[in-house]
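Working notes, structure below.
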Amino acid sequence: QLQLVESGGGLVQPGGSLRLSCTASGFTLDDYAIGWFRQAPGKEREGVQCITTEGNTNPADSVRYRFTISRDNAKNTVYLQMNSLKPEDTAVYYCAADFGKNPFCSGSATPYEYWGQGTQVTVSS
């Protein structure tokens, strides 16, 4: 079965860091752009970072310079390193896969075909 699994969420104080992982099974992520999205209670899902098959990234303005996305194709895994976390970063974080070798990746959820179950990130003092 095709599957994406996120891990690494948790509770962290403002200014702290977390690293999220997204691992695929049943298919290889080499052929997919990968996006990280988040959804807070009462709000729509929003894109935060994405990475193309060639390693180009597209951060949202709210996370630029704070969140770094990377991929390790040998491990079939994509990471989201989150630094300088703020309370407004609190949300469930999802990874998603979009097939194709487009040189750009989208911050919109619409193109993404495969989704993980999400992992909770809570930033609070």
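Residues take their numbers from the sequence shown, with the count starting at 1. Keep in mind that the numbers below use all heavy atoms, side chains included, and drop hydrogens, waters and symmetry copies.
A donor-acceptor pair shorter than 3.5 Å cannot be found between the side chains of D72 and T77.
Side chains of P59 and Q49 form a contact here, defined as non-hydrogen atoms less than 4.5 Å apart. Between L4 and E6, every side-chain heavy-atom pair lies at or beyond the 4.5 Å cut-off. The shortest distance between side-chain heavy atoms of L80 and R19 does not fall below 4.5 Å. Residues S106 and C50 have side chains not in contact (no heavy-atom distance under 4.5 Å, counting atoms from C-beta outward). A heavy-atom distance below 4.5 Å is found between the side chains of V121 and L20.
Within the 6.0 Å centre-distance limit, the rings of F27 and Y32 are counted as a close aromatic pair.
Side chain of Q81 to main chain of T68: no donor-acceptor pair is present (N/O by atom type, distance under 3.5 Å, no hydrogens or angles). Formation of a donor-acceptor pair under 3.5 Å by the T119 side chain with backbone atoms of G9 is found in this model.
The heavy-atom pair separating A91 from A40 by the smallest distance is CB-N, 3.9 Å. What you find for A33 and T52 is that their closest heavy atoms are CB-CA, 4.1 Å. Residues G116 and Y94 approach most closely at O-CD2, 3.6 Å, considering heavy atoms. Across every non-hydrogen atom of P103 and N56, the tightest pair is O-ND2, 3.2 Å.
Salt-bridge annotation for D61 and R64: present, with a side-chain N of the basic residue lying under 4.0 Å from a carboxylate O of the acidic one. Look at R38 and E46 and you find a salt bridge, because one of the NZ, NE, NH1 or NH2 atoms lies within 4.0 Å of a carboxylate O, short of that distance. Between D30 and R71 there is no salt bridge, since none of the side-chain N atoms of the basic residue sits less than 4.0 Å from a carboxylate O of the acidic one.
Both tests do not hold together for R45 against F37: distance to the six-membered ring centre under 6.0 Å, angle to the ring axis within 45°.
By the criterion of side-chain heavy atoms lying less than 4.5 angstrom apart, applied directly or through intervening Ile, Leu, Val, Met, Phe, Trp or Tyr residues, V92 is grouped together with W115 in one hydrophobic cluster.
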